[in-house]
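Bear in mind that the values here come from a model prediction, so they are computed numbers and not experimental data. Here is how names work: the chains are called A, B, and so on, in the same order as the sequence lines, proteins then strands, and each is numbered from 1.
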Protein chains: 2
Amino acid sequence: MARPERKTVRDVRKGNRGMLLRTLYFGGPRSRHELTGLTGLSAATISTMTGDLLSEKILMEAGQVESDGGRPRVLLRVNPGYAHVIGVDVAETHVRVELFDLEMTEKARVDYTLRPSHHDIELVARRILAGIDVVLADGQVTAEQVLGVGIGVPGIVERGADTLIHAKTFGWDGVPLGALMRAGTSLPVFIDNGAKTMGQAELWFGAGRGADHAVIVLIGSGVGATVVADGLAVRGTSNSAGEWGHTKIEMSGRLCRCGSRGCLEAYIGAEGLLARAGVPAQTTDWPSALGRVLEAGGDVVQETVTYLGTGLANLINMLNPERILIGGWAGLMIGERHLDEIRVVVGENSLTQPYNATSIVLGELGPDAVAMGAATLVLEEFLDTSAPLRLHAAS
Amino acid sequence: MARPERKTVRDVRKGNRGMLLRTLYFGGPRSRHELTGLTGLSAATISTMTGDLLSEKILMEAGQVESDGGRPRVLLRVNPGYAHVIGVDVAETHVRVELFDLEMTEKARVDYTLRPSHHDIELVARRILAGIDVVLADGQVTAEQVLGVGIGVPGIVERGADTLIHAKTFGWDGVPLGALMRAGTSLPVFIDNGAKTMGQAELWFGAGRGADHAVIVLIGSGVGATVVADGLAVRGTSNSAGEWGHTKIEMSGRLCRCGSRGCLEAYIGAEGLLARAGVPAQTTDWPSALGRVLEAGGDVVQETVTYLGTGLANLINMLNPERILIGGWAGLMIGERHLDEIRVVVGENSLTQPYNATSIVLGELGPDAVAMGAATLVLEEFLDTSAPLRLHAAS
DNA sequence: GCCGTTTCGTTTACGCATTGAACTAACATG
DNA sequence: CATGTTAGTTCAATGCGTAAACGAAACGGC
């Protein structure tokens, strides 16, 4: 049972301020008057609060709107230049560092190629730190103007006193990326699984906008999912919820790379799918190989649709989301060609009531949203606390 | 994205008061001094707040504890007689109404037998209303002393302006039980799916106590689950989350009574399990039949263990709970005999990290906890708001 | 029996939050 | 220029939690 924290009058302010900020962030420019309706706060409170936020330069004015026969409304908006956030995508083949302003407009980016099986954690950490310096220089932003760094990594991210990462494919077994980052930068660091950061990006800025209950599935060579309940990502007790790929969907099915049998990933993951279609294991350009397989069609593709639809149907029955997003490079390729068939399979395999409450759509942000989603972790913290800048410099 | 509500200073009080009440409810009798530590509130606040609660008779003193060399501590506790709650279990064969005091001690109960296929909603509503009168009389409690009535029903409970219930097996398709109850009583009414109320009971008073992330699976003739994330039940967008039974676990498996193939319920639900074991369909005493099947052992039982374990493994991968509870009359019968084997299967089919974070245990409350869990819905409301009594009489 | 000590609990002055109501600002219209 | 209308601000009132001072109730030693 989650016990609530002790609250004091100042928490009221913090909460209301965060709500106002979120309203303005997602609800476009608004006048103070409109904000009273949108937030439920009194005009007096809106006035003092916007006054604070304006003088802190978190908000800015954004023109006027004449109202017939009265004082014109002054529009307010979040100041996109108030601060910046950095997002990092650590993938099998590259490390990408991106700089965004508060509105998630990309200001600079840098890519580092990783040689396969050269995933030494120290090397990766050095790349990230170097990348931060590069994007700051390219974007002409100082570290003081940055709220923090979000990092999306593969594998399981164990959040404790020290953030530890377990990623079999990288040979990472409890590597302390958090500590390594803190040793190299004073910026606040947020680390999470890459599939989850991508889910976060879709939820905030992509096809998941506004959904309180959603599942974002990510199909690449592996398969994962982000479960959103009541507007928040479900993390589970050790932050490893969302391992959808190794759901058994066939009791004595195909051998999966995890060593088990009948995993969903062995059927719909790109690796398993290509193997089933007879694509040679040494193929390197998986996306084009997958494209050819999908164009050719046939039983393997039909089966894939069936397995994917059935897997999604299971999610709908269990979690009753209002929206399901299909993402990841392979997921998008399959979805673009077969979304309608997938919907049919889902309908056949889920209960009527929850099925009718769900819409199944493709992700909007493409496979590159991992870094953006990671940066979103920082943004989320900012919108919740609206912590003043340079707090991190002090600590 | 769940947007938080506007907050005012009075919400602070409400929240802190609720926290104090919960602390005392679950944390046994405590002195004011201990409460400062447990709640994080200052001694001053504890003093004024306990003063209020004592004069409202929500709390009562519970003796003293001498402390070596100082003023003795006065222990405070929730007054179990302050108010009562009523729980109702609407099942296929009976309607049960139970009266509890605030500490969930049963004060009275009444059972009405329902003839099979006589599930007319009007009849059920009359039985419930009659039952309320009976338990109030038996328990010598007036309606003014009752905080509300919780009702656990089969099927999907659609929460809207009017609570509608969809239960195929009862022939209920959108029946307005909420409205019928309001027509017959002025008590506040809370309705939810019976599997969920049982899950709620286990979470609050059974083997789920203290778990923030849990899954409570209910195996009877059907199969359902309650998912708890961050201490709250996951309801989904139309309150129908938790339909675990119709998860496809074998693509072309056994025909399920839902019309689909390969549902988990077709293997581990009592009906499916008995059918697989060759028990004649006209058997009426399912529990003893299941007992004989389980005693006899053999392939069917082994398969059942495998299917159940695999299903649980899927839940662990997806949701990363800290605890899994197996409940329901059939679940308890299977679990009592085969829990260790189930654990082994789960271990073989789930990822190491989340598996190690999970303990798998049996439910503690037995199959009769539906009414208790329903009553818990009322209790939850009370602890959150500590709304004064007789509010319902006014409305 | 008295007094200092220890621990528990209460009272009071204060800071900070929202709010309603009164007030000021900025426009259009005639 | 007066009037009406809408937008935004200021201020006294009220409520809350806290720290610090204060009061209460025991014990132990003499």
Side-chain angles (χ1 to χ4, degrees), chain A residues 4-21 23-24 29-56 59-77 385-386 388, chain B residues 4-21 23-24 29-56 59-77 385-386 388:
Chain A
E5 290 272 291
R6 173 203 67 154
K7 289 274 185 291
T8 158
V9 273
R10 300 172 95 132
D11 296 313
V12 174
R13 172 73 103 168
K14 207 181 287 182
N16 286 338
R17 195 172 135 123
M19 180 181 49
L20 187 145
L21 220 44
T23 308
L24 233 28
R30 294 285 179 178
S31 72
R32 293 171 176 78
H33 197 73
E34 291 173 299
L35 287 171
T36 63
L38 291 167
T39 62
L41 293 164
S42 70
T45 303
I46 294 291
S47 184
T48 58
M49 220 148 54
T50 53
D52 287 357
L53 289 165
L54 280 167
S55 69
E56 293 173 55
L59 296 185
M60 59 190 284
E61 299 198 343
Q64 298 198 351
V65 173
E66 77 276 14
S67 73
D68 24 35
R71 176 175 173 174
R73 285 172 287 195
V74 176
L75 296 180
L76 300 176
R77 56 173 296 188
T385 67
S386 66
Chain B
E5 291 273 290
R6 173 201 68 153
K7 288 271 185 294
T8 159
V9 273
R10 300 174 97 132
D11 296 313
V12 174
R13 173 72 104 170
K14 207 180 287 182
N16 286 338
R17 194 172 136 124
M19 179 181 50
L20 186 143
L21 220 43
T23 309
L24 232 31
R30 295 284 179 178
S31 73
R32 294 171 175 77
H33 196 73
E34 291 172 301
L35 286 171
T36 63
L38 290 168
T39 61
L41 292 164
S42 71
T45 301
I46 295 290
S47 184
T48 59
M49 219 146 55
T50 52
D52 287 355
L53 289 164
L54 279 167
S55 67
E56 294 173 54
L59 295 186
M60 59 190 282
E61 299 199 344
Q64 299 199 350
V65 173
E66 77 275 16
S67 73
D68 24 36
R71 176 176 173 174
R73 285 174 285 195
V74 175
L75 295 180
L76 300 175
R77 55 172 296 188
T385 66
S386 67

Whole Å only: how far is the [atom1] atom of [X] from the [atom2] atom of [N]?
X     : N      : atom1 : atom2 : answer
B:M49 : D:dG17 : CE    : P     : 6 Å
B:M19 : D:dG17 : CE    : P     : 9 Å
A:D52 : C:dC16 : CG    : C1'   : 12 Å
A:L41 : D:dT9  : CG    : P     : 15 Å
A:R30 : D:dG8  : CZ    : P     : 13 Å
A:E61 : C:dA25 : CD    : P     : 16 Å
B:R10 : C:dT19 : CZ    : P     : 11 Å
A:L54 : D:dG8  : CG    : P     : 11 Å

Side chain of B:R6 - closest among C:dT18, C:dT19, D:dC16: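 For the B:R6 side chain, the nearest candidate turns out to be C:dT19.
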Counting side-chain heavy atoms from CB outward, which of D:dT18, D:dG15, C:dA17 is closest to B:S42?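 Nearest listed nucleotide: D:dT18.
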I want to check one thing: is the phosphate of C:dT18, taken as OP1 and OP2, less than 4.0 Å away from some side-chain N or O of A:N16? yes
Given D:dG15, is OP1 or OP2 found less than 4.0 Å from the side-chain N or O atoms of B:R13?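 B:R13 to D:dG15 OP1/OP2: no side-chain N or O under 4.0 Å.
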Report, as a single string ordered 5' to 3', how protein heavy atoms within less than 4.0 Å touch nucleotides 3-11 of chain C: B base, S sugar-phosphate only, - not at all. ---BBBSBB
Is the closest basic N to carboxylate O distance between B:R17 and B:E56 below 4.0 Å?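 Counted as a salt bridge, because a side-chain N and a carboxylate O are separated by less than 4.0 Å.
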Can you list the residues that meet the salt bridge (Lys or Arg N to Asp or Glu O under 4.0 Å) rule with [X], with sequence neighbours excluded?
X     : value
A:D11 : none
B:R32 : none
A:R30 : A:E34

Quick one: side-chain contact (heavy atoms from CB on, under 4.5 Å) partners of B:Q64, sequence neighbours excluded?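 Residues passing side-chain contact (heavy atoms from CB on, under 4.5 Å) with B:Q64: B:P72, B:V74.
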Students often get this wrong, so: under 4.0 angstrom with heavy atoms, is B:V12 touching a base, only sugar-phosphate, or nothing?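 It contacts sugar-phosphate atoms only.
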Got a sec, which pairs hit side-chain hydrogen bond (donor to acceptor under 3.5 Å, both in side chains) with one end in residues 35-44 of chain A, sequence neighbours left out?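 Pairs touching residues 35-44 of chain A that pass the test: A:S42-A:T45.
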Measure the spacing between CG of A:L38 and CG of A:L24 and express it to the nearest 0.5 Å. 9.0 Å
